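Some notes on the structure that comes next.
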Amino acid sequence: MRIVLLGAPGSGKGTQAAILRETLNIPHISTGDLLRQAARDQTEIGKQAESIMAGGNLVPDAMILGLLRERLGLDDIQSGYILDGYPRNLAQARALDELLDELRLPVQEAIQIDVDVDEVVERIAKRAELEGRNDDNAETVRHRLNVYENDTAPVVDFYAQQHKLSQVLGSGSVDDVSERIVAILNADDSDGE
Ligand code: AP5
C-alpha cells in the first residue's frame, strides 16, 4: 500500500505509522524524523531547519523536497510506503504527486486522523514531560496548530478531490485507532479487487 497520513500535530500520525510499518512491512517516512536526524547530525539542512522547527514553522518547501526526494530514491519504497508529515501545504502536495508519478508509485490512500484540539494539546503536554521535544512547549504547540489550520488543512481537500481521502476518528486507545485504519485499508483493498 502507498499511504499518506494527515492530521494535526499530536493526532497520532507517527504512532499509527509505526504500527502500519510493522503490520504491512513497508517503510515509514516521517519528514519530521528526517529533519530531526539532520539536526542531530548537524548537516547543512539540519542546522538551518533547527531554529525554524523550534519556532513551530514549516521549513522551506525546496529544503524538505530535497530530503524527501533522496529518501524516495531508495529501493524499499517499491513495496509501498507510509508518508507522515508530508505534504504540509498545497505546493508540497503537488510536488509529491509529480515526484511519485515519475517513480510510478502514486499515493493510493490518504488517511486523515481527526482529534479534538484539547486532546492533542493534552497529548503533546504529556510528551513534553516525557521526551522534552523542543517544539512541544505550550506556545509553540498553539503556533503549530495554527500552521496546520492555515497551510495543511487544504491538503485534505486536495486528496478528497482525487477520491483518495478517508477520515478516521483519532481519539480512543492507540489500538482502537489502529483497528479503524486497518478497516479502511481492508475496505480499499476489496474495492480494488
Ligand atoms: P512533525 O515531526 O511532523 O510533527 P507534527 O506534525 O507536529 O506531529 P507530532 O509528531 O507532534 O504528532 P503526530 O501526529 O505524529 O502524533 P504522535 O503519534 O507523535 O514535524 C515537526 C516539525 O518539522 C514541523 O513543525 C516543521 O517545522 C518540520 N516539518 C516536518 N515536516 C515538514 C514538511 N513536510 N514541511 C515543512 N516542515 C516540516 O503522537 C503524539 C503523542 O500522543 C505521543 O506522545 C503519542 O504517544 C500520543 N498518542 C498517540 N496516539 C494516542 C492515542 N490514541 N491516545 C493517547 N495518546 C496517543
Side-chain angles (χ1 to χ4, degrees), residues 3-21 28-40 45-72 82-97 99 110-156 158 168-182:
I3 303 165
V4 166
L5 290 184
L6 302 169
S11 58
K13 302 180 297 294
T15 303
Q16 294 301 327
I19 295 171
L20 287 173
R21 176 187 55 205
H28 165 200
I29 301 173
S30 155
T31 46
D33 287 348
L34 291 176
L35 286 167
R36 280 183 287 275
Q37 187 60 50
R40 278 193 293 275
I45 285 182
K47 284 188 221 165
Q48 289 176 43
E50 232 171 353
S51 63
I52 301 173
M53 293 170 78
N57 292 304
L58 298 182
V59 306
D61 290 346
M63 187 189 277
I64 193 74
L65 186 61
L67 271 186
L68 187 72
R69 189 182 286 278
E70 204 175 295
R71 178 60 188 88
L72 291 176
I82 309 142
L83 270 175
D84 152 21
Y86 194 101
R88 285 292 239 273
N89 58 35
L90 284 174
Q92 291 188 6
R94 294 188 191 109
L96 180 67
D97 262 11
L99 180 54
I111 300 178
Q112 184 203 9
I113 306 178
D114 191 23
V115 181
D116 277 357
V117 169
D118 290 348
E119 192 169 338
V120 297
V121 168
E122 198 179 309
R123 285 182 188 179
I124 293 178
K126 255 190 217 157
R127 182 172 64 187
E129 280 172 27
L130 294 172
E131 295 176 21
R133 216 172 99 171
N134 69 352
D135 58 349
D136 273 351
N137 62 78
E139 190 186 335
T140 309
V141 169
R142 268 198 304 278
H143 184 62
R144 283 162 60 199
L145 287 166
N146 284 336
V147 170
Y148 177 78
E149 276 311 315
N150 292 331
D151 294 6
T152 312
V155 173
V156 171
F158 177 87
V168 71
L169 179 65
S171 57
S173 72
V174 168
D175 286 349
D176 286 344
V177 180
S178 174
E179 276 171 24
R180 289 176 204 138
I181 292 177
V182 168

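Start at 1 and go down the list; that is how both ligands and their atoms are numbered. Just so you know, residue 1 is the first one in the sequence shown, and it goes up from there. Nothing here was measured: the structure is a model prediction, and the numbers come from that model.
Counting heavy atoms from C-beta on, the side chains of Ile124 and Arg144 come closer than 4.5 Å. Taking the side chain as every heavy atom from C-beta outward, Leu65 and Leu99 approach each other to under 4.5 Å.
What sits closest to atom 12 (O) of ligand 1 on the protein, heavy atoms only, is Gly10 N, 2.8 Å. Looking at atom 26 (C) of ligand 1, its nearest protein heavy atom turns out to be Asn57 O, 3.4 Å. Among protein heavy atoms, atom 8 (O) of ligand 1 sits closest to Lys13 NZ, 3.5 Å. For atom 37 (N) of ligand 1, the closest heavy atom belonging to the protein is Val59 N, 3.1 Å. In terms of protein heavy-atom proximity, atom 46 (O) of ligand 1 is closest to Thr15 OG1, 4.1 Å. Thr31 OG1, 2.8 Å is the protein heavy atom nearest to atom 31 (N) of ligand 1. The protein atom (non-hydrogen) at minimum distance from atom 7 (O) of ligand 1 is Arg144 NH2, 2.7 Å. Atom 43 (C) of ligand 1 has as its closest protein heavy atom Arg127 CD, 4.1 Å.
Among Glu119, His143, Glu131, Arg88, the residue whose heavy atom lies closest to atom 24 (C) of ligand 1 is Arg88. Among Gly12, Gly172, Pro87, Ser178, the residue whose heavy atom lies closest to atom 53 (N) of ligand 1 is Gly172. Checking Arg123, Gln92, Glu50 against atom 52 (C) of ligand 1, the nearest heavy atom belongs to Arg123.
Using a 4.0 Å heavy-atom cutoff, Arg36 is listed among the residues neighbouring ligand 1. Residue contacts with ligand 1 include Arg133, since one or more of its heavy atoms lies under 4.0 Å from the ligand. Assignment of Ala17 to the shell around ligand 1 is not supported, since no heavy atom sits closer than 4.0 Å.
Atoms of ligand 1 lying under 4.0 Å from at least one heavy atom of Ala8, given by number and element, are 14 (O). For ligand 1, the atoms lying closer than 4.0 Å to a non-hydrogen atom of Met53 are 22 (C), 23 (O), 27 (O), 28 (C). When each atom of ligand 1 is checked for a heavy atom of Leu35 under 4.0 Å away, the hits are 23 (O), 28 (C), 29 (N), 30 (C), 38 (C). Close approach of ligand 1 to Val174 is summarised as follows: ligand atoms under 4.0 Å from at least one heavy atom of the residue are 50 (N), 51 (C), 52 (C), 53 (N). Shown in contact with Gly32 at under 4.0 Å from a heavy atom are these atoms of ligand 1, numbered in order with element: 1 (P), 2 (O), 30 (C), 31 (N). Close contacts of ligand 1 with Ser173, meaning ligand atoms under 4.0 Å from a residue heavy atom, involve 53 (N).
Listed by chain and number, the residues in a side chain to side chain donor-acceptor pair (under 3.5 Å) with Arg180 amount to none (sequence neighbours excluded). Partners of Glu119 under the side chain to side chain donor-acceptor pair (under 3.5 Å) rule, at least two apart in sequence or in another chain, are Arg123.
Between the CD1 atom of Ile52 and the CD atom of Glu50 there is a distance of 10.5 Å, given to the nearest 0.5 Å. Put simply, CG on Asn146 and CG on Asp151 are 10.0 Å apart, with the number rounded to the nearest 0.5 Å. In this structure, CG in Leu20 is found 6.5 Å from OG in Ser178, a value given to the nearest 0.5 Å.
In terms of polar-atom proximity, Gly56 is not counted as a contact of ligand 1, lacking any N or O under 3.5 Å from an N or O of the ligand. Below 3.5 Å of separation, one finds no N or O of Ser30 facing any N or O of ligand 1. Geometrically, ligand 1 and Gly14 share a nitrogen or oxygen pair separated by less than 3.5 Å. Residue-to-ligand polar distances keep Ile52 apart from ligand 1: every N/O pair is separated by 3.5 Å or more.
When all heavy atoms of Pro87 and Leu96 are compared, the closest pair comes out as CD-CD2, 3.9 Å. Nearest approach of Val147 to Gly56, heavy atoms of both residues: CG2-O, 3.7 Å. For Ala54 against Asn134, the heavy-atom pair with the smallest separation is CB-ND2, 3.9 Å.
Tested against Met63, the residues Leu68, Leu58, Ile45 include a single side-chain contact (heavy atoms from CB on, under 4.5 Å) partner, Ile45.
Residue-level proximity to ligand 1 for Ser171 is absent, since no heavy atom of it falls below 4.0 angstrom.
Donor-acceptor pairing under 3.5 Å is recorded for the side chains of His143 and Asn57.
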Mind running salt bridge (charged side-chain N to carboxylate O under 4.0 Å, His left out) on Arg36 and Asp33 for me, showing each step along the way? CA-CA 5 Å; Arg36 280 183 287 275; Asp33 287 348; 2.9 Å; yes
Go through it in stages, so that I can follow the logic: the residues are Asn89 and Gln92, the test is side chain to side chain contact (heavy atoms under 4.5 Å, CB included), and I'd like the CA-CA distance, side-chain angles, deciding distance and then a yes or no. CA-CA 5 Å; Asn89 58 35; Gln92 291 188 6; 3.1 Å; yes
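Listed for the Asp116 side chain is no donor-acceptor partner under 3.5 Å among the backbone atoms of Asp118.
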